[in-house]
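Here the structure is laid out as structure tokens; the discussion comes afterwards.
Heavy atoms only: backbone and side chains are in, while hydrogens, waters and symmetry mates are out.
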Amino acid sequence: MSRTLSILILLMWSGQSALSQGWSQPSGEGFFKIGFSQIISDSYYAPDGSQVPITTTGISSMYLYGEYGFTNRLTGIVYAPVWVGNTLNELRFRQSGNRIPGDSYGSIGDMDLGIKVGLIQNKPVVWSGTLMLGIPTGQTGKGMSGILQTGDSEFNQLLRTDVSFSTPFSVFFSAYLGLNNRTRDFSDEFRYGFDLGYFKHPFLAAAHLQGIQSFQNGNAENVSNGIFSNNLEMLLPTFELGYFFTKAMGITVFINKPFKGQNILNAPGYGISLAYQLKKNSLSP
């Protein structure tokens, strides 16, 4: 998916869910994360949705994520996977004793750059629109096998809208809809998601549900690593916990696993990140 308070929630599946929902960042303030996420799987959702065994495959990512308010209604967004590792375990045949060597490759991944416009802010219910551009900075056709990759080679444009509200009881709710246009003959996608959470310093607890539905309108060749595939579909719940040891800095962890899918890995994803909230008063002596 070359690319919500919680980032990544998709982040192994999506850097694209890493948006802070309908709220824009105030002018001169921001939200930043540095994190690690990983999936290791020996099962795969085939194109017909069935679960099939595969050679154990792993995808790991070290990433930077940031939002910064240029104005009270205009927020810049960047997601940068500074390192993505793709591994394929050795395959050994018991009867014959033959084996297929394992393989690994690591490099920069596909980057996302975006702009969020706060259409309605400073109200009980907020509404924003976001344009994310997926930049194909990752690599394809790598490793000794020539099949490992850290990106999908296509430039994509994701247009999404988010609606959010919070309550006096520190509970927040968000929902989003999006359309993702993919180039190089990859199928376009419809995306949607919901967030329900509780945040009262120093604790964060949240549940997220994200969906991707392919339009099946592209003929790009599929890959079987379950991350960079064409016609990828999923319904992915994610659970996140966080603890903020200061008002500006905290740590968050998450775990997720698709309920169902198509052309994706069938395994839990998990991750950890260090978060920092930039406030104007935090810059004062």
F254 vs S37, test: side-chain contact (heavy atoms from CB on, under 4.5 Å). Steps then yes/no. CA-CA 9 Å; F254 78 88; S37 59; 4.0 Å; yes

Is it the case that the side chain of R184 and the backbone of S153 share a donor-acceptor pair, with hydrogens and angles ignored and the cut-off at 3.5 Å? yes

State whether the side chain of T137 and the backbone N or O of G109 hold a donor-acceptor pair below 3.5 Å, judged by distance alone. yes

Please walk me through it: do N266 and K257 pass side-chain contact (heavy atoms from CB on, under 4.5 Å)? CA-CA 7 Å; N266 175 29; K257 186 181 186 298; 2.8 Å; yes

Would you say K280's side chain and S27's backbone share a donor-acceptor pair under 3.5 angstrom? yes

Does N122, at its CG atom, have more than 12 non-hydrogen atoms belonging to other residues, nucleotides or ligands within less than 6.0 Å? no

Are L274 and F32 joined in one hydrophobic group, where the rule is that I, L, V, M, F, W and Y side chains link up if heavy atoms are under 4.5 Å apart? yes

Interatomic distance, CE@M234 vs CD@E189, rounded to 0.5 Å, equals 9.0 Å

Heavy atoms of Y68 and G28 approach each other most closely as OH-CA, 3.4 Å

Nearest 0.5 Å, what's the CG-OG distance between L265 and S43? 8.5 Å

Rounding to 0.5 Å, atoms CD1 (I147) and CG (L88) come to a distance of 5.5 Å

What's the shortest heavy-atom distance between I212 and Y192, and which atoms? N-CE2, 4.4 Å

Describe, in one word, how the ring planes of F31 and Y65 are oriented to each other, choosing from parallel (under 30°), tilted (30 to 60°) and perpendicular (over 60°). perpendicular

I'd like to know if V163 and F173 are part of one continuous hydrophobic network [Ile/Leu/Val/Met/Phe/Trp/Tyr, side-chain heavy atoms within less than 4.5 Å]. yes

Could you check whether any side-chain N or O of T238 sits under 3.5 Å from a backbone N or O of H208, counting only pairs where one atom can act as donor and the other as acceptor? no

Looking only at heavy atoms, the pair that brings D152 and F186 closest together is O-CZ, 3.5 Å

Under 3.5 Å, is there a donor on one side chain and an acceptor on the other for Q21 and D162? no

Output for pair (T130 OG1, I77 CD1), nearest 0.5 Å, gives 5.0 Å

Apply side-chain contact (heavy atoms from CB on, under 4.5 Å) to residues L159 and N181 and explain how you reach the verdict. CA-CA 8 Å; L159 185 64; N181 175 64; over 6 Å; no

Path from L148 to M144 over hydrophobic side-chain contacts below 4.5 Å: no

Might you point out which heavy atoms bring T87 and S104 nearest each other, and give the distance in Å? CG2-CB, 3.8 Å

Output yes when a side-chain donor or acceptor of S229 lies under 3.5 Å from a complementary backbone atom of L232, and no otherwise. no

Looking at OG of S170 and OH of Y198, how far apart are the two atoms once the value is rounded to the nearest 0.5 Å? 5.0 Å

Determine the interplanar angle of the Y79 and Y63 rings, folded into 0 to 90°, and report it as parallel if under 30°, tilted if 30 to 60°, perpendicular if over 60°. tilted

F36: partners by ring pair (Phe, Tyr, Trp, His ring centres under 6.0 Å), with sequence neighbours left out: none

Heavy-atom side-chain contact between I272 and I251 under 4.5 Å: yes

Determine whether V78 and D112 satisfy the following criterion, side-chain contact (heavy atoms from CB on, under 4.5 Å), listing intermediate values before the conclusion. CA-CA 6 Å; V78 59; D112 292 322; over 6 Å; no

Only one of I135, N180, D110 clears side chain to side chain contact (heavy atoms under 4.5 Å, CB included) with N156; which? N180

When rounded to the nearest 0.5 angstrom, what distance separates CG in L74 from NZ in K116? 11.0 Å

Is a side-chain donor or acceptor of T246 paired with a backbone partner of A248 at a separation under 3.5 angstrom? yes

Look at the side chain of S60 and the backbone N and O of I39, then say whether any donor-acceptor pair between them is shorter than 3.5 Å. no

K142 versus T150: any side-chain heavy-atom pair under 4.5 Å? no

What residues form a salt bridge (Lys or Arg N to Asp or Glu O under 4.0 Å) with E29, not counting sequence neighbours? K279

Test of understanding: clusters of I, L, V, M, F, W, Y form through side-chain heavy atoms closer than 4.5 Å, transitively. Do F169 and V126 belong to the same one? no

Test side chain to side chain contact (heavy atoms under 4.5 Å, CB included) applied to T57 and N86, D42, I40, N89, the passing residue: N86

Does any N or O in the side chain of N230 come within less than 3.5 Å of the main-chain N or O of S187, such that one atom is a donor and the other an acceptor? yes

Side chains of Q277 and Q25 in contact at under 4.5 Å (non-hydrogen atoms): yes

Parallel, tilted or perpendicular: rings of F245 and Y243 (30°, 60°): tilted

Ring pair (Phe, Tyr, Trp, His ring centres under 6.0 Å) filter on Y105, not counting sequence neighbours, yields none

Please report the closest heavy-atom contact between P258 and Y45, naming both atoms and the distance. O-OH, 3.6 Å

Taking Q157 for the side chain and R182 for the main chain, is one N or O donor matched with an acceptor at less than 3.5 Å? no

For a quick test of reading the model, state the closest non-hydrogen atom pair linking N72 to S24 and the distance between them. O-OG, 2.9 Å

Is there a path of hydrophobic side-chain contacts, each under 4.5 Å between heavy atoms, that joins I34 and I108? no

Anything under 30° is parallel, anything over 60° is perpendicular, the rest tilted; go ahead and classify W23 against F172. perpendicular

Checking side-chain polar atoms at under 3.5 Å, does Q139 have a donor or acceptor matched by the opposite partner on S107? no

Output yes when a side-chain donor or acceptor of S164 lies under 3.5 Å from a complementary backbone atom of G22, and no otherwise. yes

In terms of side-chain heavy atoms, does N263 have a donor or acceptor partner in N231 at a distance below 3.5 Å? no

